[in-house]
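For the single chain, residues carry numbers from 1 onward in sequence order. These numbers were taken from a predicted model, which means no experiment stands behind them.
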Amino acid sequence: MAAVQRLNGFGLGLLLAAFAVGSGDPAFAEIRASGKNGLKTEVNGQRGGRCTKGVCRIGGGTKAGKNTFHRFKNFDTRGAIKRVKFDTGGQRNLFVGVTSAKGTWIDKAVTLSSKANLYFLSPGGIYLGKGAGFINVPKLSLSTADQLHFSEGVFDVFQSKSSNLRDFTTNPLPGVFGMRRSDVEEPLVLKAGQLPGIHLDGINISLDEELLVDSPGGQVDVSGSRLDVGTEEVGGRIALTADAIDVDGESELVATGTSGGGLIQVGGSWQNSDPSVRQAITSTIDHGAVLDASAIETGDGGEIVVWSDITNQLSQTLVSGRLMAAGGLLGGDGGRIETSGFHLDFPSIQVNTKAGEDYINGQWLIDPYDYVIDSGNATPIENALLNGIDVTISTLAPSFEADGTTISGSEVEVGSITANMGPSIPSGNPSTGTLTLISDGDIDINSNFVNDSGSGSLILDADGQINVTALVDWDPGASGSVELNGQEIISSSSGILNIQSGVLKVGTKTNSNPGDFEGQLTLSSGVALEKNGPGEFVLYPLSDSSETDNSIRDIILNEGKLSVQNAYALRTNGSPYSGTIYFRGGEFSHGSATDFSSNFSAEA
């Protein structure tokens, strides 16, 4: 292995120091094809040649079906080089391996003679600076991997020979299955903040289909740049994958189209549903950054994911930018946005998944490990709801089913949701979004949740208990609902459920000794209480005043047991209960309270 120019710990350490200060002397910039260990790559007509100024023309290479492979000792366009032109020979895919420990530096246009996908593998790092551009490149993949896997075998940046590659006629395997970084010869010791990486600095590039920027075990930084991917009609795909990803406040990631939004993935895929997308440990979107996957005129909004591995206790997702996946102004549903990580924070985030008129607004999914709604994040959630965007906060463990796809991961302890500050939606807001809290632990409502708008449902779904210690005053509209599903539904005496319209659905899982709902339950005229689930729901208000007793209308018993523990538990507007109890299944228990048999009905 000594003769192979593979980066070991020492060489990579030198590289990191160089990248940290953006050094490397442009005066020595050159494009030089590998000679003895090359892949028949020609520079300005010479196999194994070099170019230091003017237009650098690249040809030759090793052809295999629709693929051509190149290897360069150096690829640095700074200095007197004006541009780089690849002769594709009509091939569909170009694969470029750069062996230099100083990495790849591009600040000039790279032009292909005909449309072809370009894969750049540079284990020493990649730096794209102002002036960089890619012409006739529908799909661009930039990676610090030193191996690219195909179904026929492996293209190794340092070792592969022409004779090894002639059978590599298919497309490479996608994402993490294809781009891999092999083990270095010596242990790698890095100082704090040092990672091999890809740096996009001050660039403005446009591609038709896809941009993948991948640094396995390293970092990806986007600074002062605009990355625009997609045709005029349909947005494309932008994927940034690495251990650490940062998009600064002067950057834009754009995957828009006049008839449909595209896909933007930072640090992972939707609920980690695509295993080919490498998961980040830290993903940061700075204040001022824009991620836009909207449909402009017609069609549905696209998808944006900002993710870090939710099974890793070190993972962190910080989002402070503007994320948009809106539907077309002339017609189209809103898209979906996910912000997830073991530790998650989104101060000053702005989210837009609104739909065109008469279409369906989109979704914002918030998926941390544990979550506390407080003064730092309540405002963005409230603003999204006010704009008609459905907001879902989920702390489900990483093994569950979403959108028909089974999501698998390591076993972790259950997460919980604690609401120390809730939304306050005023009347007169015509299209409030639905707020959904999902937890594989408990949900604690410790602050008022108020919605007077007459639209937008509230759904609380816990594998553990739901504990209400504050006011939940919610008006979801006649077609809406308030739904509480948990192992048990309990409250302190200060807990109040006031449902102004729609239906209140209470679902309890199997529970042998459930706690009591000791607060006040008030249902406005026309609002029914629907009992679901095999467990028991116990009404036991601690108040002994007719002014604070429960006020309940019709009850629909679908499953499980509803227990009434005292005379104040089942009343209507301060008077004896006047509603009807419909038995569709389940059990009703009134203990020593008033006999309610006259209110029973077997009608559905």
Donor-acceptor contact present, side-chain [X] to main-chain [Y], <3.5 Å:
X	Y	value
N451	S453	yes
D390	T434	yes
T231	V234	yes
S491	N467	no
N361	G388	yes
D300	D333	yes
S269	D274	yes
D444	N446	no
S551	N573	yes
Y577	R553	yes

Evaluate the side chain to side chain contact (heavy atoms under 4.5 Å, CB included) criterion for residues D554 and V527: first the C-alpha distance (whole Å), next the side-chain angles of each, then the deciding distance (0.1 Å), finally the verdict.
CA-CA 7 Å; D554 291 347; V527 179; over 6 Å; no
Please tell me if the side chains of I238 and Q265 come closer than 4.5 Å, counting only heavy atoms from C-beta onward.
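They are not in contact (no side-chain heavy atoms under 4.5 Å apart), so the answer is no.
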Can you check whether S308 reaches T282 side chain to side chain, under 4.5 Å on heavy atoms?
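They are not in contact (no side-chain heavy atoms under 4.5 Å apart), so the answer is no.
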Just wondering, more than 12 heavy atoms not from [X] lying within 6.0 Å of its [atom1]?
X	atom1	answer
E250	CD	no
Y540	OH	no
Q313	CD	no

Can you measure from [atom1] ([X]) to [atom2] ([Y]) and round to the nearest 0.5 angstrom?
X	Y	atom1	atom2	answer
I556	K505	CD1	NZ	9.5 Å
L437	I459	CG	CD1	9.5 Å
L291	I337	CG	CD1	8.5 Å
Q465	K509	CD	NZ	12.0 Å
I466	I489	CD1	CD1	4.0 Å
D214	R278	CG	CZ	4.0 Å

Output, in order, the C-alpha distance, side-chain angles, deciding distance and verdict of side chain to side chain contact (heavy atoms under 4.5 Å, CB included) for F588 and L562.
CA-CA 5 Å; F588 178 81; L562 175 64; 4.2 Å; yes
Could you report the tightest heavy-atom contact between [X] and [Y], atom names first, then the distance?
X	Y	value
N550	A569	ND2-O, 2.9 Å
A239	R237	CB-NH2, 3.6 Å
V305	W307	CG1-CB, 3.7 Å
A293	G262	CB-O, 3.6 Å

When the aromatic ring centroids of F600 and Y582 are compared, is their separation below 6.0 Å?
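They do not qualify: ring centres at least 6.0 Å apart.
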Full working for side chain to side chain contact (heavy atoms under 4.5 Å, CB included) between V254 and R226:
CA-CA 8 Å; V254 180; R226 179 182 171 91; 3.7 Å; yes
When you compare the side chains of [X] and [Y], does any donor N or O come within less than 3.5 Å of an acceptor on the partner?
X	Y	value
D221	Q219	yes
N599	T580	no
N558	N532	yes
D370	S416	yes

Side chain to side chain donor-acceptor pair (under 3.5 Å) between T508 and K561, worked out:
CA-CA 9 Å; T508 50; K561 183 177 182 180; over 6 Å; no
With under 30° as parallel and over 60° as perpendicular, where do the rings of W474 and F449 fit, or are they tilted in between?
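Ring orientation, 0 to 90° scale: tilted.
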For the pair F342 and Y369, name the ring-plane relationship: parallel under 30°, tilted 30 to 60°, perpendicular over 60°.
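It falls in the parallel class, under 30°.
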Would R336 count as a cation-pi partner of W270, with NZ or CZ less than 6.0 Å from the six-membered ring centre and within 45° of the ring normal?
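Yes - R336 lies over the ring of W270, closer than 6.0 Å to its centre and within 45° of its axis.
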Under the side chain to side chain contact (heavy atoms under 4.5 Å, CB included) rule, what do N377 and F346 come out as? Steps first, then yes or no, please.
CA-CA 6 Å; N377 52 38; F346 44 81; 3.5 Å; yes
